[in-house]
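Only one structure is covered here, and it is reproduced in the block below.
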2 protein chains.
Amino acid sequence: MTARDRDRRAEILAGAAALFAEKGVATTTVRELADAAGILSGSLYHHFESKDHIVEEIVISYVDDLRRGYDRALAEEQEPRARLVNLIRVSLEVAERHHGATEIYLNELQSLRSLPRYGTIRRARSAMRKAWIATIESGIQAGAFRSDLDPQVVYRLIREAVWRSVRWYRPTAAYPVERFASDCASIFLDGLTTPGPRVS
Amino acid sequence: MTARDRDRRAEILAGAAALFAEKGVATTTVRELADAAGILSGSLYHHFESKDHIVEEIVISYVDDLRRGYDRALAEEQEPRARLVNLIRVSLEVAERHHGATEIYLNELQSLRSLPRYGTIRRARSAMRKAWIATIESGIQAGAFRSDLDPQVVYRLIREAVWRSVRWYRPTAAYPVERFASDCASIFLDGLTTPGPRVS
DNA sequence: GCCAACCAAGCAAGCGCTAGGTTAGGATCG
DNA sequence: CGATCCTAACCTAGCGCTTGCTTGGTTGGC
């Protein structure tokens, strides 16, 4: 595989990810993928086995990146609150690098089950879930987080709110990803209510 | 239109909503819709003009119901915190009544734009957005909610977290929708951090 | 006997994918 | 160093299938 070949593949994948994210995988045709790459549909099959293999490559590269980010985030931090902030920040950063893949993963996880290498996706998904749940549970045990809420419920609410932000949030100079991440973390950790004098 | 006819239509719509939610609109065929209703695909066209009209009817009945619920929720309550709780509760209750439609609306809002009566959907969507934003902004002005967060960001985070819960939450006797709604509200209003002595 | 509800059959368009031919550019060799 | 060959990259053309939808005919309850 030459450098030129790798570039071409990456180019096709980038265009495909954007199209899949915009119109959905099923409704995007191989002819549209080829158009985006400036070739004819048949020529796609010189680079990829099938349309499904293109989808697969996009999604797996995303979940692998995300899983590695979570591992690093948890390794360099022990304190529950800081860990949660890190998980949110990494989720947003990786979503930024894999913008199209994130939408595909969010919208069409169901249909990905039929892919040949779905096991890889499932394992990464499970590992990421564990990272969130472990962080929340250890926070509860350490007394930092409330114990009256189901960790599963908390995890799912945070995950959906954060990941789905790819639909409406894009980093800008005025509102960079670091500040958005800390805002998200602050809402979930401190709440929307005005901080005032409290007696426990 | 006889009562029997209305029943048959409702039956077809219910089956279609479930299928569309499960597999996506584009990947669900009219033959599958007909199978679910126990008839042949051609017979669908006695009840509906087209596949698109079926989708449209499902989604519009959902957003109309939701918009009416929001109007009622805001009319019977003035206090910002209670208003926010009401909006969350209504969203979950209507999502329960229109389970399939909620998923369609969440997953495929983009593709709904090509529908003939999309204007109706857009107007309802805009009215609902206003209900959320007005509630959050009035809470900030009344001093009940923090003023350091963008109301748009708060709105979108809450909306996504709450609406997407149709993917994983179903009401049970052990965890009814009222308690789930109050848990959601509590996370967003009070935060995950242990309530402790605070000095303003 | 009428008409709402359904069936039987199939059409045109679009789908993913394939087979075989063309081209350009680097490697090989006398 | 020019001729020859090879191969990656692409094109041309179209196959087999599924799709949403249509048409004309059938049926059974009022």
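No hydrogens, no waters, no symmetry mates; every other heavy atom, side chains included, goes into these values. As the structure is a computational prediction, the values presented were derived from the model and not from experiment. The chains referred to below are lettered A, B, ... by the order of the sequence lines, with proteins before strands, and numbering in each begins at 1.
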Strictly by side-chain hydrogen bond (donor to acceptor under 3.5 Å, both in side chains), give each pair with a member in residues 153-162 of chain A just once, sequence neighbours left out.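 Sorted result for residues 153-162 of chain A: A:Tyr155-A:Arg159, A:Glu160-B:Arg164.
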Given the side-chain rings of A:Tyr175 and A:Trp168, with only the six-membered ring counted for Trp, is the space between their centroids under 6.0 Å?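 Aromatic pair excluded; centres sit 6.0 Å or further apart.
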Is the number of heavy atoms from other residues, nucleotides or ligands within 6.0 Å of [atom1] ([X]) greater than 12?
| X | atom1 | result |
| --- | --- | --- |
| B:Arg122 | CZ | no |
| B:Glu49 | CD | no |
| A:Arg179 | CZ | yes |
| A:Arg72 | CZ | no |

Donor-acceptor contact present, side-chain B:Arg31 to main-chain B:Ser41, <3.5 Å: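 Answer holds: no.
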What residues, two or more places apart in sequence or in another chain, satisfy salt bridge (charged side-chain N to carboxylate O under 4.0 Å, His left out) together with A:Lys23?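 By the salt bridge (charged side-chain N to carboxylate O under 4.0 Å, His left out) rule, A:Lys23 matches A:Glu32.
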Any non-hydrogen side-chain atom of A:Leu66 less than 4.5 Å from a side-chain atom of A:His98?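 No, every pair of side-chain atoms sits at 4.5 Å or beyond.
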Is the shortest side-chain N/O distance from A:Tyr45 to OP1 or OP2 of C:dT18 below 4.0 Å?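 No, no such contact exists.
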Measure from [atom1] on [X] to [atom2] on [N] and round the result to the nearest Å.
| X | N | atom1 | atom2 | value |
| --- | --- | --- | --- | --- |
| B:Lys51 | D:dC21 | NZ | C1' | 12 Å |
| A:Phe48 | C:dT18 | CZ | P | 15 Å |
| A:Asp52 | C:dG16 | CG | P | 10 Å |
| A:Glu32 | C:dC15 | CD | P | 7 Å |
| A:Leu44 | C:dC17 | CG | C1' | 11 Å |

Strand contacts (DNA chain D) in residues 14-23 of chain A, 4.0 angstrom heavy-atom criterion: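 Residues of residues 14-23 of chain A that come under 4.0 Å of DNA chain D do not exist, since none gets that close.
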Does A:Thr27 reach a base, just sugar-phosphate, or nothing at all? Heavy atoms under 4.0 Å.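 Counting heavy atoms under 4.0 Å across all strands, no contact is made by A:Thr27.
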Can you tabulate the close N/O pairs, meaning under 3.5 Å, that link protein atoms to atoms of nucleotides 26-30 of chain D?
none

Find every protein N or O atom lying less than 3.5 Å from an N or O atom of nucleotides 10-14 of chain D, and list the pairs.
unit_1, atom_1, unit_2, atom_2, d
D:dC10, OP1, A:Arg8, NE, 2.9
D:dC10, OP2, A:His47, NE2, 2.7
D:dC11, OP2, A:Leu40, N, 2.6
D:dC11, OP2, A:Ser43, OG, 3.0

Residues that A:Glu56 engages under side-chain hydrogen bond (donor to acceptor under 3.5 Å, both in side chains), provided they are two or more places apart: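 With sequence neighbours excluded, A:Glu56 shows a side-chain hydrogen bond (donor to acceptor under 3.5 Å, both in side chains) to no residue whatsoever.
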Distance in Å, B:Tyr62 OH paired with B:His99 NE2, rounded so as to fall on 0.5 Å steps: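 B:Tyr62 atom OH to B:His99 atom NE2 measures 10.5 Å (nearest 0.5 Å).
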